[in-house]
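Order of the sequence lines sets the chain letters (A, B, ...), proteins ahead of strands, with each chain counted from 1.
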Amino acid sequence: MGDGDGMIGGHVGKILRVNLTNRAVDTIPTEQYEQWIGGFGMAMAVWFDEIDHDYITDTHDKTGFEPENVIGLFTGPQQGTLCPAGSRCEVVALSPQSSPRPQFSRSNFGGKFGAFMKFAGYDGIIVKGASATPVWLNIVNDQVTIEDATSMWGHDSYEAQELIWQKLSDADYVDWYALGTGRDGGATTQGPAIVTIGQAGETMSRLASLQHETGSGAGCGGFGAVMGSKKLKAISVVGSGSVPVADPNALMDARMWLRNRINSQPDNLGAAINSPKPGLGFSPGWGVTNQGRPSSCYGCDQGCRQNTKGTSPDGFPLGSGIQCVDTYLGQTEDKAINGQTTDYSAYADTYCQRYGLNAFEMSSIAGQKVSKELLKARGGTSWLRNLWDRGIIGPIGSGKRVETSLDFSQEHTKDFIVELMRRVACAEEIGADIAMGQVRCAQKWGILEDEMMSGRMNMIYWGGETHWGIYPVWAYAGLFQTRDCNMHLHNNVNQGAVANLTKTGTALVASNKAAQDRTNALIALAHPWHDPLMCDQSETGIYSLGMARYVSWSQRFAKFWRDCALTCDQDNVWKNFAHDQGDADPAQAHGLMPDFFTKFFNAVTGLNYTYEDGLDVGKKVWDFERAILALHGRHRNEEYFPPFPPYDSYVYHDGQPYLQTNASGGSPTSPQVETVWDPTLNSGAGGYTEAKTEFPLSKAKMDGFKTLFYAVEGWDTATGRPTRAALEASGIGVVADVLEAKGRLGA
Amino acid sequence: MTDENKAPEAPAPESTKGSELSRREFVTGVGGLGAGFVLGGLLIKGLLLPDEAIAIPASQGYLLVDKTECAGCTSCMAACSLVHEGSVNLSLSRIQILRNPLIGFPNDITPQQCHQCVYPACVGACPTGAMHVDAANGNVRTVDEGKCIGCERCVNACPFTPSRAIWNGADKHAQKCDLCADTPFWNEKGGVGGKQACVAVCPAGAIKFTREIPSQNGKGYDIDMYPTLPNVRGWGTVTA
């Protein structure tokens with residue numbers, strides 16, 4: 001790091017390893033994995049070394065609940081410093097949510113946990129085995145103990161955190177308190193950072209999340225259930241250590257550069273250049289009962305959350321600290337039914353956090369936050385309500401296929417939604433089925449094929465709900481890994497620019513200057529190809545070499561600059577490919593890229609990476625991940641929309657629209673939030689316009705596209721699996737050895 | 001007196017420990033001047049300076065915070081330790097943001113900055129003069145680390161919770177907010193004549209530097225930075 005200790009700046013030197021079966025606690029030097037930098041890459045590398053390779057080979061007969069599963073929580077070098085989104089934390093494990101079989105997957109959360117892990121002296125935490133009784137992990141600097149969690153088992157995520165706060169120090173945390181013995185043992189005023197599961201994790205619901213504070217959470221993957229299977233209720237971490245920074249002056253300069261560029265002001269906190277939601281950031285509010293302040297994750301300049309005054313009857317905050325997708329379970333339906341957001345939204349969103357449920361999936365199951373097409377197929381209601389209306393679900397004694405004491409005619413009351421989620425989290429009655437996730441629930445009810453073919457379910461991400469509006473690169477990226485790739489950092493291009501492109505010969509011409517500028521900016525940053533046709537989303541373009549390159553580039557970018565260096569996907573939206581409204585300078589179309597990434601990363605790490613260097617590491621990470629999927633059994637023959645043979649033979653009927661190639665939506669006031677917008681159109685209605693293009697997908701053309709894509713990645717085109725050459729080029733020849741021994745190596 | 005030595009009227013100091021502070025008035029750098037002396041346009045009333053009193057010059061700089069604007073990001077804490085220590089460590093930050101996410105607004109987030117007290121108990125408590133008034137840096141109350149013997153009387157003397165004087169267990173000395181007078185890891189001039197890292201970095205603009213002595217009645221350091229914005233943001237109804 002410049003001081004001769006050989007450590008990358010931002011690393012604190014240790015990875016904590018805990019075995020809950022034999023209660024062993026030790027550490028691994030971070031230096032052994034520093035080539036992966038941090039976050040997802042480092043988590044994956046450690047996970048791969050710590051897990052039994054036989055356990056993850058051909059996972060069709062696994063659940064993810066076995067003690068052999070390993071869960072990792074890893075932060076990055078930039079966390080716990082002065083970088084924006086300064087506390088992200090990646091979570092990895094074999095995912096029980098994945099369908100048709102568990103697969104290695106990832107999730108991520110913010111708040112302050114990642115930063116506090118660093119202050120305690122850890123770059124990551126890996127947990128193996130399983131405890132026979134409920135426990136929580138207590139990390140105070142280098143003192144790590146496995147504590148009895150019997151008294152907090154059965155409590156929700158807010159209650160569990162408070163119980164731990166009360167154990168560790170004064171519950172109010174208003175003064176300095178000692179973290180060790182003697183005055184040099186460290187002290188802090190800060191309460192511990194706690195990640196916990198709600199009841200949903202305890203009952204091993206595949207919809208179970210990891211929860212942190214009131215509204216941070218790792219929702220995708222069902223990793224809360226992995227913790228629950230290990231009887232691990234919570235991990236608490238607090239420390240008084242320092243996070244080293246290679247060039248502190250440069251870091252402060254970078255922060256000032258960002259501050260000046262973003263021009264944050266309190267009435268615009270959370271807004272960045274060209275943010276479509278100036279004001280209180282990304283957090284929609286609800287009703288008249290909640291008032292408060294904008295609030296932020298550790299170190300972040302965006303303030304995309306809000307802390308509110310409202311309280312639940314038991315005194316915990318109501319609707320506080322919750323943002324983005326976690327506010328959509330209640331809000332969309334609330335607006336649709338009540339014309340405004342009310343306490344219904346506050347209770348729905350809050351108790352989803354408290355019970356520890358995947359808000360994204362719950363909003364599809366029990367809400368209306370889905371794509372326009374899905375909502376239409378469901379008759380304008382939630383999935384469950386549609387099943388009730390169609391007589392699939394009925395009252396007790398009705399003789400319907402599924403019986404419940406819940407009265408779905410009262411669906412839009414807060415008592416209903418809270419009770420529904422309680423039953424899911426506690427695996428009671430109808431909740432026990434829903435807790436398996438939509439796919440397995442529909443399978444059990446005998447309606448999966450009908451729901452999929454009717455368009456009422458759209459589970460294109462290996463058991464995960466499709467994002468509510470997607471563009472091809474997003475859809476493909478999810479297909480080639482294990483989950484919704486959640487790539488908002490490209491929104492400003494794909495929604496505002498790419499949608500307005502027309503192919504003319506070998507060039508793409510935009511209908512307006514802003515769109516053209518952004519497209520050109522993306523191409524300029526699309527290392528290593530810089531292919532102008534990468535943005536071609538026409539009926540032929542979606543199967544083209546350009547699209548294959550776009551998918552590859554997008555994942556190299558996401559896997560490194562988002563998931564290893566570790567930045568926030570939502571924060572990145574406002575900094576990337578933005579184009580100042582009214583700014584005629586095309587040089588501004590790149591937003592803050594790539595400086596936003598390299599300035600902070602290099603100031604902290606001292607590695608002097610170029611933006612392209614990061615993409616090259618991203619390629620290594622992508623190859624490694626693909627190798628693990630090959631080990632599970634992944635083959636090109638199953639990579640279709642949706643990935644559930646034998647249904648794929650139905651999906652590709654001629655004229656069967658399946659994939660939206662552009663996010664389609666209505667005006668900004670419509671219930672469907674996803675919009676395609678162009679800031680320079682003078683429509684007189686805020687510059688929003690609807691762009692839509694829906695093409696029926698051709699299975700034969702998909703096959704051709706996949707061959708192109710695998711070739712771009714250097715993977716075996718016959719199987720889609722990484723080759724030895726590709727893995728060795730990425731410096732992970734040892735992974736090729738494992739694949740070869742298991743018969744999973746690409747030829 | 002030159003302009004540099006002028007100061008507004010020293011308001012009644014906070015009575016935080018039932019001391020005699022409330023009955024005394026101090027004037028910057030002056031002892032025993034008579035009534036009616038005018039400084040900076042303000043009339044200094046009734047100077048009663050006992051013979052045994054030591055005139056402690058008031059700081060020429062103070063931090064004010066808007067507690068309803070603070071977003072709890074603790075960037076100020078990170079920046080403070082970064083520019084002073086060269087690394088990030090919230091336990092070494094000279095400004096502390098208290099957070100409890102399980103409490104609703106407005107007690108969820110409470111910034112706690114050093115008041116650069118007009119009567120600095122930390123300075124008074126120090127037996128070696130390590131904690132002192134730095135005349136070369138606008139009378140900021142700060143620690144001469146070389147003189148600190150680690151008795152922590154300054155830490156105990158601070159009338160506020162949490163103590164603004166803190167113990168640096170790694171480097172073995174006390175430290176406190178110096179308004180960035182000594183920030184070797186920042187390319188900006190700090191101190192009362194320069195910038196403060198916490199002020200500069202705050203995304204919410206919730207911290208302000210001022211040269212005017214805040215009222216010492218316990219509320220002078222809280223400020224409504226943006227009077228045209230509501231202190232409590234109401235989201236109201238959101239129509240479809």
Roughly how far, to the nearest 0.5 Å, is OH of A:Y158 from CG of B:L102?
8.0 Å
Would you name the heavy atoms of B:A200 and A:R259 that are closest together and state the gap between them?
O-NE, 3.5 Å
Using a cut-off of under 4.5 Å on heavy-atom pairs, state which of A:A187, A:G185, A:G299 scores highest against chain B.
A:G299
Interface residue of largest heavy-atom contact number with chain A, from B:A79, B:S81, B:G72, under 4.5 Å
B:A79
Structural part of B:V201 lying under 4.5 Å from a heavy atom of chain A
both
For chain A, which residues of residues 182-191 of chain B have heavy atoms nearer than 4.5 angstrom
B:P184, B:F185, B:W186, B:N187
What I'd like to find out is whether the side chain of A:T81 reaches to under 4.5 Å of the side chain of B:L82, using heavy atoms alone.
no
In terms of heavy-atom pairs under 4.5 Å, which option from B:Q112, B:E85, B:E152, B:Q96 contacts chain A the most?
B:Q96
If you measure from CG on B:D108 to OG1 on A:T308, what distance do you get to the nearest 0.5 Å?
8.5 Å
Applying ring-ring contact (aromatic ring centres under 6.0 Å, His included) to A:F600 and not counting sequence neighbours gives A:F596
At their closest point, which heavy atom of B:G104 faces which heavy atom of A:P317, and how far apart are they?
N-CG, 4.0 Å
Any non-hydrogen side-chain atom of A:Q306 less than 4.5 Å from a side-chain atom of B:F105?
no
How about B:S75 and A:R255: do any of their side-chain heavy atoms sit closer than 4.5 Å?
yes
Residue list, side chain to side chain donor-acceptor pair (under 3.5 Å) with B:T74, at least two apart or on another chain:
none
Find the one option among A:D247, A:D175, A:T214 whose heavy-atom pairs under 4.5 Å with chain B are most numerous.
A:D175
Segment of B:C76 engaging chain A (4.5 angstrom heavy-atom cut-off)
neither
Closest non-hydrogen atom pair between A:L82 and B:A78, with its separation
CD1-CB, 3.8 Å
Among residues 163-172 of chain B, residues within the sub-4.5 Å heavy-atom range of chain A, in order of number, are B:S163, B:I166, B:W167, B:G169, B:K172
Flag, side chain of A:R183 to backbone of B:G150, donor-acceptor distance under 3.5 Å
yes
Portion of B:K67 that has a non-hydrogen atom of chain A nearer than 4.5 angstrom
backbone
Side chain, backbone, both or neither: which part of A:Q161 has an atom under 4.5 Å from a heavy atom of chain B?
both
Where does A:K118 contact chain B at under 4.5 Å (heavy atoms): side chain, backbone, both or neither?
neither
Indicate yes or no for a side-chain donor-acceptor contact from B:E69 to the backbone of A:P294 under 3.5 Å, with no hydrogens or angles considered.
no
Does any non-hydrogen side-chain atom of A:V243 lie less than 4.5 Å from one of B:S87?
no
Heavy-atom pairs under 4.5 Å with chain B: which of A:G80, A:C297, A:G241 has the most?
A:G241
Could you pull out the closest heavy-atom pair between B:P106 and A:R293, with the gap in Å?
O-NH2, 3.2 Å
Side chain from CB out, backbone as N, CA, C, O: work out which of these in B:M77 comes under 4.5 Å of a heavy atom of chain A, or both, or neither.
side chain
Would you call A:E213 and B:R99 a side-chain contact if the rule is heavy atoms closer than 4.5 Å?
yes
Find the distance between CG (A:N307) and CG (B:N107) and round it off to the nearest 0.5 Å.
11.5 Å
Heavy-atom distances under 4.5 Å only: say whether A:M252 touches chain B with side chain, backbone, both or neither.
both
Region of A:F119 that comes under 4.5 Å of a non-hydrogen atom in chain B
side chain
Kindly compute the distance separating NZ (A:K309) from CD1 (B:I103), expressed to the nearest 0.5 Å.
15.0 Å
